[in-house]
Amino acid sequence: MLPMVELTIFALGILLIDLMVPQGWKWINALGAFVGVLFSAVCVWQIQSMLPARGLLGFYNSLLVDRFAIYFWYLFLAGAAISILASVHYLDVENEHHGEYYSLLLLSVVGMMCMAAGIDIVLIFIGLELMAISTYVLVGFLRRDRRSNEAALKYLLLGAFSSGIFAYGLSLFYGIAGSTNLGIIARAVSAQSPHNPVVVIALLTTMVGLLFKIAAVPFHQWAPDAYEGAPTSITGFMSVAVKAAAWAMLFRILLFGLWPLRSVYVPVIVIVAIATMTGANFAALTQTNTKRLLAYSSIAHVGYMLLAFVAMGTSQLGSAAFLDGFKGILIYLLVYTFMNLGAFAVITSLRQRNVIGDELDDMAGLYKRAPVEATLMLLFLLSLAGIPPAAGFLGKYYIFLSLIESGHYGLASLGVLYSLFGLYYYLKIANAMLMRAPMETGRLPVSIGMRCAVGVAALATIVIGVYPEPFIRSVNWSLGIVQSPHVAAVLK
Amino acid sequence: MQSHILSIILFTPLVGALALLFVPKENKNAIRWIANLFAFGGFLISLPLVPMFWAQRFEPGFKFLEGTPNNWIPSIGAGYNLGIDGISFLLIMLTTLLGWISILSSWTAIENRVKEYYVWFLVLQTGMLGVFMALDFFLFFVFWEAMLVPMYLLIGIWGGPRKLYAAIKFFLYTLLGSVLMLLGILYLYFHHHTVSNPQVFTFSIPELYKTAPLIPFNIAIWLFVAFFIGFAIKVPMFPFHTWLPDAHVEAPTAGSVILAGVLLKMGTYGFVRFSLPFFPSVVSHPRVQNWVIVLSLIGIIYGALVSLMQKDMKKLVAYSSVSHLGFCTLGIFALNSAGLTGSVLQQINHGISTGALFLIVGILYERRHTREIAEYGGISNVMPIYATITMIMFLSSMGLPLLNGFVGEFTILQGAFTANWKWAAWAAPGVVLAAAYLLWLYQRVFFGTVTNAKNEKLHDLTPREILTFVPLIIMALWIGLYPKPFFQILEQPVNQIVQNIHDKSNANAAVNAQVAPVPGPTAAAEIGSDEVGSNLVVSKPGLTAARLKASN
C-alpha cells in the first residue's frame with residue numbers, strides 16, 4: 001500500500017504547493033510529481049525485495065501484492081515519469097500549466113495500482129473509477145480548446161455508461177458468489193454450469209466493461225476522439241498506462257476470477273480480436289491526423305494482444321502456449337509503453353506557439369527541422385510495426401509463437417497480414433518526416449524535458465530489442481516462472 | 001580459440017556508420033573519405049578469409065563458427081551464432097566487394113543529405129552480411145528484416161520521381177514474404193521442441209536441420225509455401241516480381257547495384273540454405289518441383305521478352321535480372337549438384353555483371369539525367385573507354401564463353417538437362433534473348449554517329465569510375481577463364497545438400513516401399529532420360545520410388 005499512499009501524499013502536496021508557485025515557475029510542480037514517482041518506485045522496489053513468492057495479502061484479502069502487481073506498478077510509474085517529462089514544455093505552450101494536471105496524473109496512477117493489485121471487485125472498481133475520473137478531467141484539461149472539451153464529454157459519457165454496465169455484471173457475480181472476493185467468485189462460478197443464463201449475462205456485461213477499457217472493437221468508439229482531443233501528453237499516457245491498467249484488470253478478472261468460464265468467453269474474444277484488428281487497421285489507413293492514426297494503431301495493437309489471450313484461453317494452464325501468450329502480452333505492454341510514449345512525445349514536441357502540430361502535414365520534413373527527433377521517431381514507428389531489432393518485434397514474436405503453439409494457424413496468418421497494414425500507415429508518417437519538404441523552415445525548438453523523455457523511450461526501445469534477455473527474465477519472474485519449463489532444458 | 005573474423009567483417013561497416021555520426025554534416029568530403037575508407041577496409045578485411053577458407057574448402061560442415069548456442073537470449077533459445085560454408089563464403093565476398101564499389105560509385109552521384117546516405121549504406125552492408133553469416137534463425141530474421149529499413153530509406157530519400165511509391169511497395173512486398181516466413185520459423189522452432197529429446201527450444205539452424213525433415217508431408221508443404229513466398233518475393237520469381245522494376249528504376253545507382261547484386265541473392269540463398277534442407281520431401285515431390293521450375297522458366301522467358309521492349313535502360317537491366325534469376329532458381333530446383341553449383345555461381349556472376357550494368361547506366365544518367373534509350377546514339381565516339389567496358393560487361397551478362405556468365409549458365413543448363421531435358425530446352429532461348437536485348441541496346445546507344453547534340457560534349461570515364469569497374473572485370477575474366485577454384489569451393493556444401501535431399505527422400509520411400517512395393521519396370525520408365533551424366537546415380541531408384549509414392 002505504501003507506494004499508493006506516497007503518491008497520494010505527493011498529489012495533494014502538489015495542489016498545495018501550486019498555490020504558492022508563480023506562473024513562470026510551474027515546472028516545480030512537474031519536478032514534485034517526478035520526485036513522487038521516483039519515491040514511489042523506490043517503495044515498490046523495497047516491497048519487491050521483501051516479497052514472498054506467493055505475494056502479500058492485505059486489507060481483508062482485497063489487495064494482493066504479488067509479482068504480477070509489482071510488474072504492472074513499475075510499468076505505470078515508468079509511463080507516468082515519461083509523460084511528466086514530456087508535459088512540462090507542452091503545458092507552457094498551451095498556457096494551461098496548472099498543478100492539478102500533475103496531481104490528477106499521480107492520482108490516476110494510484111487508481112491503476114489498485115486495479116493491478118486488487119483481487120476484490122470493489123477495490124478494482126474503486127481503482128478503476130479513480131483512474132477513469134482523473135483521466136476524464138485530464139482529457140478535458142485544455143479548457144479553451146473545443147476539441148478537448150468535446151473529447152472529455154464523449155469520454156465521460158461513454159465511460160460512465162460502460163462503468164455502469166461493468167458494475168452491473170460485477171453485482172451479478174456478487175449475487176452468485178455471495179462475496180466480492182475474486183477467489184471466492186472463482187470457486188462459486190466453477191460450481192455453476194457455464195451455460196447458466198445468469199452466469200452468462202454476468203460474464204458478458206463484465207466483459208463489455210473490460211473490453212471498453214482496453215478499447216476493443218466494437219467498444220472502441222471513444223478512443224479516437226478522446227485521443228485526438230486530449231492534450232497530446234495525456235494521449236500518450238492514456239494509450240500506455242491506462243491501457244496497461246485495463247489489461248491488468250482484465251487478467252485479474254478473467255484469469256484469476258472467471259477462468260472456469262473460459263469456454264464461454266474465449267469464442268467471444270476470438271470474434272472481438274478479429275473485429276478489432278480489421279476495424280482498426282482499415283480505419284487507420286485513411287487517417288490524416290497523426291494522433292488519430294496512432295489511436296487506431298493502438299486499437300490494432302489491442303487486437304494482437306487479444307490474439308495472445310485467445311491462445312492462453314484455449315490451452316492448459318501452465319502449458320507452453322499459455323505461458324508464452326501471457327509473457328507476450330506482458331512484454332507487449334512493456335515495449336508498447338516505451339515506443340508509443342516516445343512517438344507521442346515527438347508529436348507533442350511539434351506543438352508550438354502557433355502550430356497545433358498533430359496533422360500528418362505537420363510532420364513533413366521533420367528531418368530537416370529536428371534530425372534527432374525524426375530519426376528516433378522512425379525507430380518508434382518501426383518498433384510499432386514490429387520490425388527487428390526494435391523492441392516491438394519481441395512482443396509480436398511471443399504473440400505469434402503462442403498462436404502457433406496452440407495451433408491457431410489461421411489467426412496467426414491473419415495477424416501477420418494485418419501487421420502489413422500497420423507498416424503501411426506507419427510508413428506514411430515516416431515518408432512525411434523523412435522524404436517530404438518541410439512546410440516551414442527553422443529548427444524545431446525541443447525542451448530538455450522532452451529530450452529526456454524521447455531519449456529514455458528510444459533507449460528502452462532499442463535495448464529491449466537488442467538484448468531482451470533481462471526483460472524476458474523479469475516477465476518470467478513476474479509470472480512466477482523461474483525459467484520457462486522448456487528453457488530449463490536448454491540451460492541444463 | 002575461436003576465430004572472430006566473421007564478426008570483424010560483419011561489424012566493420014557498422015563501426016563506420018557510427019564513426020560517421022560524429023562528423024559534421026557540412027563536411028561532405030570528409031564524410032565521403034571516411035565512408036570509402038570503411039567500405040574499402042571492409043573489403044580488405046574480408047580478403048584474409050579467402051586463403052583461410054581455401055585451406056579447409058573440402059571439410060564438411062560450417063566453418064569459422066562463432067558463439068555458442070543460446071548465448072544471446074537464453075530464455076528463448078536464440079544465439080549469436082555465425083558460420084559459413086562455401087555458398088555463403090562466395091556471397092559474403094561478393095557483398096563486401098559490391099559494397100565497396102557502390103560506395104565508391106556514389107562519390108559524385110549523391111549531393112544532398114550525404115551523411116545520412118553513407119550511414120544508411122554502411123548499415124545496410126552489415127545487415128546483408130549478417131543474413132549470409134547467421135547460423136541462428138532468430139539472428140537471421142533480425143538481419144533479414146532490419147536490412148529492409150536502410151534499403152527503404154535509400155530508395156525513398158535518394159530515389160527518382162516516384163520514389164515514395166517504390167519505397168513503400170518494396171518494403172510492403174518484402175515484409176509480406178518475411179512475416180509468412182516468421183510463422184514458418186516459429187513452427188519449426190516449436191516442432192523441434194516437440195520431437196527433440198530432451199525437449200529443447202532452439203533457433204540454431206544446424207539443430208533444426210536435424211528435426212525439420214521429420215515434419216509430415218501435409219504440414220511441410222504449407223511450411224514450404226510460407227518460406228517459398230518469402231524467398232520468391234525476394235528473388236523475385238515470376239508472379240512476385242512486380243516490385244522489382246519500380247524499386248530498381250527509382251533507386252539511386254548504388255542502391256540498384258546492391259539491390260540486384262546482393263539483395264536478390266538472399267532469396268536464392270534462402271532456397272539453398274533453408275528450403276532444400278528443411279523440406280526435402282516437398283522439394284523432391286515432382287509436382288512441387290514442376291511448379292517451381294515452370295515459374296522459373298516463365299521468369300526466364302518473360303523477363304527477357306519484357307527487357308526487349310523497354311525504352312528505359314535501367315528498366316531493361318531490371319527485367320533482365322528477373323530472367324537471370326530465373327536461371328538461378330531453375331538450377332536450384334533441378335536438385336542435382338550441377339544445377340545447384342551452377343546456380344550459386346550464376347548468383348555471383350549476376351552480382352558482378354548486373355551490378356556493373358547498373359553502374360554503366362548510372363554513369364550515363366549522371367551525365368545526362370535521362371535513361372531513355374532514344375536519347376542516345378553513337379556514344380562510342382565520345383566515350384571510347386566507357387564503350388569498351390560496357391561491351392565487356394554486356395558480353396559477360398549475356399553468357400559469352402570465356403566470360404563468367406557462360407560458365408554459370410552452362411552449368412545450370414547442364415543440371416537442368418540432367419534432370420529433364422525439356423527444362424533445358426525451354427531455358428535455352430533465354431540465353432539467346434539475353435544476347436538480343438543486350439546487343440540491340442548496345443547498338444542503339446553506342447553505334448552510329450552521335451544523333452543527339454547534347455551527347456557531343458560527354459566526357460569519358462574518370463579514373464575513379466574506371467576503378468569501380470576494374471575488380472568486376474577481373475572477376476568476370478577469372479570466373480570465365482578458370483572457374484575451377486569456385487567449383488571446388490562449392491563442391492562440398494552442394495554435394496551435402498543434394499545428398500541430404502536424396503537420403504531423406506530415400507528414407508521416406510523405404511518406409512513407403514514396405515506398404516506398397518514399387519514395380520520395377522515402371523520405376524525404370526520413370527527415370528527416362530534423367531540418366532545422362534548424373535552425379536546422383538546412387539540415389540536414383542530411391543528418388544524415383546519417392547516420386548511414385550508422391551504421385552500415388
Side-chain angles (χ1 to χ4, degrees), chain A residues 320-321 324 327 367-368 371 375 378-379 382 385-390 393-394 396-398 400-405 407 409 412-413 415-421 423-424 427-428 430-432 434-436 465-473 475-476 483-492, chain B residues 25 69-79 113 115-116 119 127 138-139 141-146 148-149 152-153 155-159 163-165 167-168 171-173 175-176 178-191 193-194 196-202 219 222 226:
Chain A
D324 281 333
K327 279 194 267 181
Y367 181 79
K368 287 262 163 54
T375 311
L378 179 69
L379 172 71
L382 292 172
I387 307 281
F393 173 66
L394 194 67
K396 227 161 234 182
Y397 159 80
Y398 267 115
F400 291 124
L401 178 63
S402 68
L403 285 172
I404 295 276
E405 284 173 336
Y409 306 122
S413 311
V416 292
L417 289 182
Y418 276 127
S419 72
L420 292 181
F421 281 67
L423 180 73
Y424 177 76
L427 286 190
K428 259 172 54 173
N431 278 347
L434 298 167
M435 298 165 196
R436 277 169 54 186
V466 173
Y467 189 60
E469 179 64 19
F471 301 92
I472 297 175
R473 275 171 199 264
V475 169
N476 283 342
Q483 269 293 335
S484 325
H486 42 74
V487 176
V490 176
L491 295 176
K492 303 247 165 52
Chain B
K25 67 178 171 204
N70 310 328
N71 60 355
W72 177 25
I73 318 173
S75 294
I76 61 175
R113 296 166 85 172
K115 178 171 157 183
E116 275 172 274
V119 168
F138 198 87
L139 187 69
F141 193 77
V142 168
F143 281 123
W144 174 274
E145 289 226 316
L148 297 179
V149 180
Y152 152 77
L153 293 168
I155 298 175
I157 299 181
W158 294 274
K163 57 188 182 181
L164 290 185
Y165 170 78
I168 285 204
F171 207 157
L172 283 181
Y173 253 84
L175 195 74
L176 168 69
S178 56
V179 290
L180 290 176
M181 185 170 77
L182 173 65
L183 293 185
I185 295 175
L186 291 178
Y187 188 92
L188 292 179
Y189 170 71
F190 179 55
H191 176 263
H193 171 248
T194 6
S196 61
N197 186 23
Q199 294 199 324
V200 175
F201 271 102
T202 180
I219 296 175
W222 287 108

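Every chain is numbered from 1 and lettered A, B, ... according to where its sequence line falls, protein lines coming before strand lines. Bear in mind the structure is a predicted one, so any value in this text is a computation, not a measurement.
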To the closest 0.5 Å, what do you measure between [atom1] ([X]) and [atom2] ([Y])?
{"X": "F171(B)", "Y": "L423(A)", "atom1": "CZ", "atom2": "CG", "value": "5.0 Å"}
{"X": "L186(B)", "Y": "Y398(A)", "atom1": "CG", "atom2": "OH", "value": "11.0 Å"}
{"X": "L427(A)", "Y": "I168(B)", "atom1": "CG", "atom2": "CD1", "value": "5.0 Å"}

Considering all heavy atoms of both residues, which atom of [X] and which atom of [Y] are nearest to each other, and what is their separation?
{"X": "R473(A)", "Y": "P74(B)", "value": "NH2-CG, 4.2 Å"}
{"X": "P388(A)", "Y": "E145(B)", "value": "CD-OE1, 3.0 Å"}
{"X": "L183(B)", "Y": "I404(A)", "value": "O-CD1, 3.8 Å"}

Tell me, for L382(A) versus chain B, whether the close heavy atoms (under 4.5 Å) come from the side chain, the backbone, both or neither.
->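 For L382(A), side-chain heavy atoms alone lie under 4.5 Å from chain B.
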Sort A390(A) into side chain, backbone, both or neither according to what part of it lies under 4.5 angstrom from a heavy atom of chain B.
->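 No part of A390(A) comes within 4.5 Å of chain B.
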Is [Y] close to [X] at the side-chain level, that is, under 4.5 Å between some pair of heavy atoms?
{"X": "Y397(A)", "Y": "I76(B)", "value": "yes"}
{"X": "L378(A)", "Y": "L153(B)", "value": "yes"}
{"X": "I219(B)", "Y": "Y409(A)", "value": "no"}
{"X": "V179(B)", "Y": "F400(A)", "value": "no"}

Would you mind checking which part of L182(B) comes under 4.5 Å of any heavy atom in chain A, side chain (CB onward), backbone (N, CA, C, O), both or neither?
->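 Interface part for L182(B): side chain.
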So which part of F190(B) gets closer than 4.5 Å to some heavy atom of chain A, the side chain, the backbone, both or neither?
->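 The side chain, not the backbone.
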If the plane angle is over 60° it's perpendicular, under 30° parallel, otherwise tilted; pick one for F138(B) and F393(A).
->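 Ring orientation of F138(B) relative to F393(A): tilted.
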If you count the non-hydrogen atoms of other residues, nucleotides and ligands that lie under 6.0 Å from OH in Y424(A), is the total more than 12?
->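 Atom OH in Y424(A) is not packed in, count stays at 12 or less.
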For Y152(B), check side-chain hydrogen bond (donor to acceptor under 3.5 Å, both in side chains) against everything at least two apart and list the hits.
->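 Applying side-chain hydrogen bond (donor to acceptor under 3.5 Å, both in side chains) to Y152(B) gives N431(A).
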Do W72(B) side-chain atoms and E469(A) backbone N/O form a donor-acceptor pair below 3.5 Å?
->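 No, the answer is negative, given that no donor and acceptor are paired below the 3.5 Å cut-off.
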Winner by heavy-atom pair count (cut-off under 4.5 Å) against chain B, out of L403(A), L417(A), L420(A), T375(A) =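 Maximum pair count with chain B is reached by L420(A).
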Residue, of L180(B), L176(B), T194(B), L148(B), that accumulates the most heavy atom pairs under 4.5 Å with chain A |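 The answer is L176(B).
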For chain A, the option from F143(B), W158(B), W144(B), Y187(B) that forms the most heavy-atom pairs under 4.5 Å |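 Of the candidates given, the most pairs with chain A belong to Y187(B).
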